[in-house]
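The structure displayed is predicted, hence computed values, not measured ones. Side chains included, hydrogens not; waters and symmetry mates left out as well; all remaining heavy atoms used. Every chain is numbered from 1, with letters handed out A, B, ... down the list of sequences.
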Amino acid sequence: MSVTIVEKLRDNLTKILKDAYNEAVSAGELNHTENLVINLEEPREKSNGDYSSNMAMMLAKELRNAPRNIANAIVSHIKIGGFVDRCEVAGAGFINFYLNNSWLYPVMEEIELKGKDFGKSDLGKNQKYMVEFVSANPTGPMHMGNARGGALGDCLAELLKWAGYDVTREFYINDAGNQIEKFANSLEARYLQIYLGEDKVSFPEDGYQGDDIKEHAKAFAEINGESYVNAEEKDRKDALVAYALEKNVAALKTDLENYRIVYDVWFRESVLHNSGEVAEVIELFKKSGHTYEKDGALWFKSTDFGEEKDNVLVRANGIPTYFAADVAYHRNKIETRGFDKVIDIWGADHYGHVARMKNALSALGINPDKLDVIIMQLVRLMQDGEIVRMSKRTGKAVTLNDLLEDTSIDAARFFFNMRQADSHMVFDLDLAVEQSSENPVYYVQYAHARMCSILNLLKEDGIKVENYSDINVNLLSEPQEIELLKKLASLPEEIKTAALAYEPSKITRYSVELATMFHAFYNACHVRGEDKELTKARLKLVDSTRIVLSNVLTMLSIDAPERM
RNA sequence: GUGCCCGUAGCUCAGCUGGAUAGAGUGACAGACUCCGACUCUGUAGGCCGUGCGUUCGAAUCGCAUCGGGCAUACCA
């Protein structure tokens, strides 16, 4: 993949500094060093130039010279020309470059050539990455935490794709273990209550109280009648679970698709039990020498790896724990399926599980660095100024579907990706429901609609977007135009940075900033009715911006409307 | 008790591997369309960057301590 405009610029500036330093050494003005480090940054304050290097300060100790002396020596050997207008020493020894815009204009040509692919890179070198997210319990509907995890995971997966990784989205279905027991007991009680009366059949204390359980039982009864009332308990439960679980999984799939999330793989926990992979992992644990038996249970000696407590692998009743199954699952991801990196998105309430999992992988000889866990702080829902509790058992939990009924998919996806995963988020439902400019997604979408509107209007005037080579780009010199161009040019780097940090929120913020700069440009610079050449140049800028904004919104799976 | 996350403008949050005078949005106040969509823009006010030490030429950023809020510490998942 080709080098971006910004990379070219930075490479050039680095070379200029390096050459100047070497010449200063040759001239006997500076001492020589092997570890020459050249940093470049964009100063916050514009009066300090477009790019700045602190290399003189970094070298001061090693060269045994004052930073300003070093900086002056280097600057005196820098050749002015090309995109460099001037170069000065400032402050404690900063070397500041003041540039003209000749380096920047070709970004529009790059956008023209790459189109929908502008922003993509080969940073990831096609490494196999998996993002596992949501993985909600199939015993009920999805809550607000799942909504956040869904928006985060899906956007992260797409972000990584743009950065050149080979990404698989996966949903882990916990269709085994204790909660399925509970699910079965709850269904059974509701089913029997239909035929034997509510007073005759007691509902388990720790059962799922939700109406969905009743509805499953009722629907099951309509199909099978009372044939299961006198059946063997195990058969009855199996039949109920098989029925209700499929319904729930199908519902999860539909709900997530409505949220614009499509998974590549739906992986069932039961597969790991049936294939013997769980049993295999338990054997491997035993061979590793990090296990022992106590009170009839098999324990993993987590304390060997610095943890405070050991963990149970197989319960006294002979059933493996969720922990054991989850280790088998991660072994399957990394070893069996060969992912280079496995990214899990977990709620903060699973925090304690991270070290345990990594240590378990180490014990089995699997590189724990192949697992990255993103701990997402829980969402607290606020309505009418009060915290709304989210609990499956109250039956009053706010579900993903409730949320999407109130607000738009665009708003929800955008809102959840406004903040970093580790921020404790308060989701103000009243605010999210409000479809106004309060919610930045409308601000961004409006910018896109405005660009399309300009393009359409000029098209009606018979003026269409021309090729970069036919445009006099030097006419674009207003500060708003230059700022906008710089923002466009920065997208590939923004995507790389965001991908490496696993932070799609950086891209969301980028879209807001881009929209802001466009609106500012719009108010300062007219496209229509100007000098013909200027109109052409600005129209090209608008079209370039439209492409970039559209790319960003596409990446986030948020609609980029032509009109609103 | 121990571990992790958070603490920056009234509110919601940015601040990249330490850099020069700490930034947005929102709210408040004052302005801008006979002109490409005012779902927009411009300006003003608002900060001991929780607190205290330390490292450094230089700290919101790194280290230690401390205070406040959240979460976790199951033979649940």
Side-chain angles (χ1 to χ4, degrees), chain A residues 39 41-45 47-48 52 54 57-58 60-61 66-67 90-94 96 135 137 139 174 176-182 206 269 294-299 307-309 311-323 325-326 347-355 375-378 380 418-426 428 431 435-440 442-447 449-458 461 493-494 497-498 500-501 503 505-506 509 512-513 515-516 518-530 535 538-539 542 563-564:
Chain A
N39 283 330
E41 58 196 30
E42 294 173 59
R44 223 196 310 259
E45 190 62 37
S47 62
N48 289 323
S52 174
N54 63 355
M57 281 104 101
M58 305 287 278
K61 197 172 261 180
F94 291 100
N96 296 338
S135 298
N137 287 343
T139 53
N174 297 125
N178 239 320
Q179 60 185 355
I180 291 295
E181 273 308 294
K182 252 198 267 182
D206 61 347
E269 182 186 346
K294 194 180 89 182
D295 305 330
L298 182 71
W299 294 72
E307 281 184 65
E308 304 236 329
K309 284 180 180 173
N311 291 286
V312 174
L313 288 166
V314 183
R315 287 183 276 254
N317 61 14
I319 297 171
T321 57
Y322 169 84
F323 173 53
D326 215 17
D349 52 343
H350 286 60
Y351 168 74
H353 199 51
V354 178
I375 290 298
M376 184 182 66
Q377 296 299 322
L378 299 179
R380 289 197 302 163
M418 289 275 293
R419 295 184 188 116
Q420 296 170 6
D422 60 10
S423 71
H424 297 261
M425 180 173 188
V426 176
D428 188 332
L431 187 69
Q435 296 205 7
S436 73
S437 58
E438 297 243 342
N439 198 325
Y442 299 106
Y443 177 86
V444 173
Q445 289 180 322
Y446 179 64
R450 221 178 204 185
M451 292 171 210
C452 292
S453 181
I454 294 171
L455 289 161
N456 285 329
L457 203 61
L458 281 143
D461 293 349
E493 272 68 34
E494 298 267 7
T497 308
L500 288 172
E503 269 180 21
S505 63
K506 285 186 190 294
R509 259 177 265 121
V512 176
E513 288 160 11
T516 301
F518 173 73
H519 287 310
F521 157 79
Y522 175 90
N523 277 276
C525 308
H526 263 245
V527 179
R528 202 181 179 209
E530 295 287 339
T535 292
R538 285 182 174 166
L539 186 63
V542 171
R563 59 178 63 86
M564 297 170 72

- Query: Between the base of B:rA14 and the side chain of A:Ser505, is there a donor-acceptor distance below 3.5 Å?
  - Reply: no

- What does A:Ala297 touch in the nucleic acid at a heavy-atom separation under 4.0 angstrom: a base, only the sugar-phosphate, or nothing? base

- Item | Residue-phosphate contact under 4.0 Å: A:Lys61 side-chain N/O, B:rU56 OP1/OP2 | no

- When you measure from the side chain of A:Ala348, which nucleotide among B:rC39, B:rA77, B:rC71 comes out closest? B:rC71

- Message: Please report the distance separating the P of B:rA60 from the corresponding atom of B:rU21, rounded so that it comes out in whole Å.
- Response: 11 Å

- Message: For a quick test of reading the model, state the closest non-hydrogen atom pair linking A:Ser135 to A:Asn174 and the distance between them.
- Response: O-OD1, 4.0 Å

- Task: Please measure how far the C1' atom in B:rG46 lies from the corresponding atom in B:rA9, and state the result in whole Å.
- Result: 6 Å

- Whole-Å distance, A:Leu313 CG to B:rC76 P, equals 13 Å

- Message: In this structure, how many angstroms lie between the P atom of B:rU56 and the CE atom of A:Met58, rounded?
- Response: 15 Å

- Task: Counting Watson-Crick and G-U wobble pairs only, both distances under 3.5 Å, name the nucleotide matched with B:rG23, or none.
- Result: B:rC13

- Among the nucleotides B:rA77, B:rG19, B:rC36, whichever has the atom closest to the side chain of A:Tyr322 is B:rA77

- Message: Taking any heavy-atom pair under 4.0 Å as a contact, classify A:Asn48: base, sugar-phosphate, or nothing.
- Response: base

- Just wondering, do A:Ile180 and A:Glu269 contact through their side chains at under 4.5 Å, heavy atoms? no

- What integer distance in Å separates A:Phe94:CZ from B:rG18:C1'? 11 Å

- Ignoring the backbone of A:His526, work out which of B:rC75, B:rC35, B:rG3 is nearest its side chain. B:rC35

- Message: Taking the minimum atom-to-atom distance to the side chain of A:Leu457, which one of B:rU40, B:rG37, B:rA14 wins?
- Response: B:rG37

- Query: For A:Met418 and B:rG25, what is the distance between atoms CE and C1' respectively, to the nearest whole Å?
  - Reply: 8 Å

- Query: Is B:rC36 paired to anything, Watson-Crick or G-U wobble with both distances less than 3.5 Å, and if yes, which nucleotide?
  - Reply: none

- Query: Just checking A:Thr516: base, sugar-phosphate only, or nothing, at a heavy-atom cut-off of under 4.0 Å?
  - Reply: nothing

- Message: With rounding to the closest Å, how many angstrom separate the P atoms on B:rU2 and B:rA65?
- Response: 11 Å

- Establish, with yes or no, whether the OP1 or OP2 oxygen of B:rC33 is under 4.0 angstrom from a side-chain nitrogen or oxygen of A:Tyr522. no

- Message: Taking B:rU42 as the reference, what is the distance to B:rG25 when you measure between their C1' atoms (whole Å, please)?
- Response: 16 Å

- Message: In whole Å, I'd like the distance from the CG atom of A:Asn456 to the P atom of B:rC36.
- Response: 15 Å

- Using a heavy-atom cut-off of under 4.0 Å over every strand shown, decide if A:Asn54 touches base, sugar-phosphate, or nothing. base

- Message: I'd like to know if the side chain of A:Ser505 and the backbone of A:Met418 have a donor-acceptor N/O pair within less than 3.5 Å.
- Response: no

- Message: Distance to the ring centre below 6.0 angstrom and angle to the axis at most 45 degrees; does that hold for A:Arg450 and A:Phe518?
- Response: no

- Closest non-hydrogen atom pair between A:Pro440 and A:Val512, with its separation: CB-CG2, 4.2 Å

- Message: Looking at the base of B:rA20, is there any donor atom on it, or on the side chain of A:Asn96, that sits under 3.5 Å from an acceptor on the other one?
- Response: yes

- Query: Taking only N and O in the side chain of A:Thr497, is any of them less than 4.0 Å away from OP1 or OP2 of B:rC16?
  - Reply: no

- Task: Report the distance from atom CD of A:Gln179 to atom P of B:rA74, rounded to the nearest whole Å.
- Result: 19 Å

- Polar side-chain contact A:His353-B:rA72 base: donor and acceptor under 3.5 Å: no

- Message: With a 3.5 Å limit on both atom pairs, tell me what B:rU2 is paired to, counting Watson-Crick and G-U wobble, or say none.
- Response: B:rA72

- Message: Can you check the distance between B:rC49 and B:rC41, where both ends of the measurement are the C1' atom (answer in whole Å)?
- Response: 30 Å

- Expressed as a whole number of Å, how far does the P atom of B:rG18 sit from that of B:rC62? 8 Å

- Note on the structure: pair_partner(B:rG31), Watson-Crick or wobble, both distances < 3.5 Å, evaluates to B:rC41

- Position toward the 5' end of RNA chain B (nearest nucleotide), A:Ser47 or A:Pro320: A:Ser47

- When you check the phosphate oxygens OP1 and OP2 of B:rA77, does a side-chain N or O of A:Lys182 lie under 4.0 Å from one of them? no

- Query: Is any side-chain N or O of A:Asn178 closer than 4.0 Å to OP1 or OP2 of B:rA77?
  - Reply: yes

- Task: Please report, rounded to the nearest Å, how far the C1' atom of B:rG37 is from the CZ atom of A:Arg563.
- Result: 12 Å

- Task: Starting at atom CZ of A:Phe518, determine the distance to atom C1' of B:rC41, rounded to an integer number of angstrom.
- Result: 12 Å

- Could you tell me whether A:Ala449 contacts a base, only the sugar-phosphate backbone, or nothing, with contacts defined as non-hydrogen atoms closer than 4.0 Å? base

- Just checking A:Cys452: base, sugar-phosphate only, or nothing, at a heavy-atom cut-off of under 4.0 Å? nothing

- Query: Can you check whether A:Arg44 has a side-chain N or O nearer than 4.0 Å to OP1 or OP2 of B:rC16?
  - Reply: no

- Message: Taking the P atom in each of B:rU56 and B:rU61, what is the distance between them to the nearest angstrom?
- Response: 16 Å

- Is the A:His353 ring parallel, tilted or perpendicular to the A:Tyr322 ring (thresholds 30°, 60°)? tilted

- Message: Over all strands shown, is A:Asp295 touching base, sugar-phosphate only, or nothing at heavy-atom distances under 4.0 angstrom?
- Response: base

- Determine: side-chain N/O of A:Arg419 to OP1/OP2 of B:rC6, distance under 4.0 Å, yes or no. no

- Query: If we only count heavy atoms from C-beta on, is the A:Leu458 to A:Thr535 side-chain gap below 4.5 Å?
  - Reply: yes

- Examine B:rG15: is either OP1 or OP2 under 4.0 Å from a nitrogen or oxygen in the side chain of A:Gln420? Give yes or no. yes

- B:rA22 versus B:rC16 - spacing of their P atoms, nearest Å: 15 Å

- Task: Counting Watson-Crick and G-U wobble pairs only, both distances under 3.5 Å, name the nucleotide matched with B:rC62, or none.
- Result: B:rG54

- Query: How is A:His519 classified with respect to the nucleic acid when contacts are heavy atoms under 4.0 Å: base, sugar-phosphate, or nothing?
  - Reply: sugar-phosphate

- Backbone of A:Ala297 reached by a side-chain donor or acceptor of A:Asp295 within 3.5 Å: no

- Message: When both hydrogen-bonding distances must be under 3.5 Å and the geometry is Watson-Crick or G-U wobble, what is B:rG7 paired with, if anything?
- Response: B:rC67

- Task: Look up atom NZ in A:Lys506 and atom CD in A:Glu513, then write down how far apart they are to the nearest 0.5 Å.
- Result: 10.5 Å

- Query: If you pin A:Lys294 and A:Ser52 to their nearest nucleotides in RNA chain B, which one's is more 5'?
  - Reply: A:Ser52

